[in-house]
Amino acid sequence: MRQFIVLVLFVVTFLWAAPVRAGQPLSVTAARRRVDADPYALINEVNALRAANGLAAYSISPILMAVAQAHAEYMAATGNVSHTGAGGTTSPQRILAAGYPLAGDLSLGGLRSENITAGRNKSVQQAVLEWQGDAPHLNTMLGPHLREIGAGVAFAGETIYYVIDCATPTSSGQPQAYTPAPGAAQMPEQAYAAPLASTIVPSTPDSEGKLIHEVRPGETLWLIAISYGMKIADIRRLNNMTEAEAIFPGEKLLIRQGLTPAPTVSSTAEVTTTPEVTPVPTWTPPPLTLPATATLEISPVNGESAPAASVSSNSSMLVLGVIILAALVLAAVFVRAGRRIE
């Protein structure tokens, strides 16, 4: 009886543990699925970013979807996060090889760009936020001249690999004839679509008091709005734009109206740019003047005052005569004094 009870407990324990062991491999997949990791969720996240910046949503291209998914699976198989794919191909080469009607100068890579990333249980939100960290990756998602998108997601353990390929098709929808020159360098990985602008020089009101901004390549509605201190919704309302309507280079947007027109400057007005310099006062010493005549006063002798002699500063002879006369007078005095003593 005791052996029977032990056997029953052993069978129950085995049956209870078996599903747990069977479920262990599924726990990795369950961990993956705890994050949003789906190609279409990735596209929705990118299009939400475009809408926030006043850009139209990307259209989904089946060809770009296949190209992006194949490259995501290649990275997952090799563990190498790189734009270089199977056989050393670049993203424009893979896009052209798949038959996509790529527009633009194909010798420069065409109008397209690719973003890639990978991480342990990384969500699509984390991937898109990471791509916003630098201009080339942000330009892939907000390039004003790109029109279509394809996305790929692949798994290797708990690491998730993401790829988006964005491009613009030809107007005819037919691939361009293109034969690379022998020995030509590989096509660049980043598209040559106009880079995003980082600053905007605001316009001034026109003669009617309207503030008009002409969109330049790389500018987004978000950047235009903050440059003028406006809200995107207000700019859309003033220009009768829908929520999904994009802006294009050369388009003129009404920003404000009813403003004071900027003052006009006459074309004949002369503008002086030379600064006015205040002269520093200077001191000029007065001229040195000497008296024309100097007076020599001779001390009295024996209580007698000698007449003051006038000496010309211009006649040395007069001075000499006065000196001789004085010497004679002194000599006479000494002679007289000597005779009295005798």
Side-chain angles (χ1 to χ4, degrees), residues 38-72 83 90-116 124 127-128 131-132 135-153 162-178 187-197 215-224 232 236 239 241-251 253:
D38 176 83
Y40 292 97
L42 181 57
I43 293 174
N44 290 339
E45 194 71 19
V46 172
N47 280 336
L49 179 64
R50 289 179 63 82
N53 284 273
L55 298 172
Y58 279 140
S59 300
I60 297 177
S61 164
I63 297 178
L64 295 179
M65 290 291 290
V67 171
Q69 184 61 39
H71 189 56
H83 290 287
T90 63
S91 59
Q93 291 171 337
R94 294 190 292 271
I95 290 173
L96 292 174
Y100 184 82
L102 185 60
D105 188 343
L106 298 186
S107 65
L108 298 176
L111 285 172
R112 49 88 249 157
S113 192
E114 177 180 84
N115 283 0
I116 59 174
V124 296
V128 171
W131 287 334
Q132 294 179 58
H137 290 92
L138 185 62
N139 191 53
T140 302
M141 299 182 291
L142 298 183
H145 299 305
L146 303 179
R147 297 288 178 266
E148 297 184 343
I149 189 173
V153 179
Y162 293 103
V163 178
I164 58 170
D165 282 300
C166 304
T168 295
T170 59
S171 57
S172 65
Q174 299 298 318
Q176 298 186 65
Y178 174 69
M187 296 181 180
E189 285 301 333
Q190 294 298 331
Y192 69 83
L196 294 177
V215 181
R216 295 173 178 83
E219 294 181 353
T220 63
L221 191 57
W222 172 81
L223 183 58
I224 294 173
I232 293 178
R236 289 189 182 278
N239 294 274
M241 298 171 60
T242 64
E243 288 295 328
E245 191 172 350
I247 59 176
F248 302 95
E251 183 178 359
L253 298 176

- [ ] Examine distances only and state if a side-chain atom of Trp131 and a backbone atom of Ile116 form a donor-acceptor pair shorter than 3.5 Å.
- [x] yes
Task: Pair listing, side-chain hydrogen bond (donor to acceptor under 3.5 Å, both in side chains) test, anchored in residues 44-54, at least two apart - done: Arg50-Tyr58
TODO: Could you check Met65 against Ile43 for side chain to side chain contact (heavy atoms under 4.5 Å, CB included), going step by step and ending with a plain yes or no?
DONE: CA-CA 10 Å; Met65 290 291 290; Ile43 293 174; 3.6 Å; yes
- [ ] Please report the shortest heavy-atom distance between Pro92 and Gly109, naming the atom on each side.
- [x] CB-O, 3.7 Å
TODO: Give the minimum heavy-atom separation between Ile164 and Met141, together with the two atoms involved.
DONE: CD1-CG, 4.0 Å
- [ ] Might you point out which heavy atoms bring Leu64 and Asp165 nearest each other, and give the distance in Å?
- [x] CD1-O, 3.6 Å
Per-pair distances, 0.1 Å, donor-acceptor, side chain in residues 166-175, under 3.5 Å, sequence neighbours excluded:
residue	atom	partner	partner atom	Å
Thr168	OG1	His145	O	2.4
Thr168	OG1	Arg147	N	3.4
Thr170	OG1	Gly173	N	3.2
Thr170	OG1	Gln174	N	3.2
Thr170	OG1	Gln174	O	2.8
Ser172	OG	Gln174	N	3.3

- [ ] Quick one: closest heavy-atom pair of Ala151 and Pro39, and the distance?
- [x] CB-O, 3.6 Å
Open item on the list: Using modelled atom types and a 3.5 Å cut-off, is there a donor and acceptor pairing between side-chain atoms of Gln176 and backbone atoms of Pro101?
Closed with: no
Task: Shortest non-hydrogen contact between His137 and Asn115, atoms and distance - done: O-ND2, 3.0 Å
Open item on the list: Checking the side chain of Asp38 only, and the main-chain atoms of Tyr40 only, is there a donor and an acceptor separated by less than 3.5 Å?
Closed with: yes
- [ ] Provide the closest heavy-atom pair for Val215 versus Leu253 in the form atom of the first, atom of the second, distance.
- [x] CG2-CD1, 3.8 Å
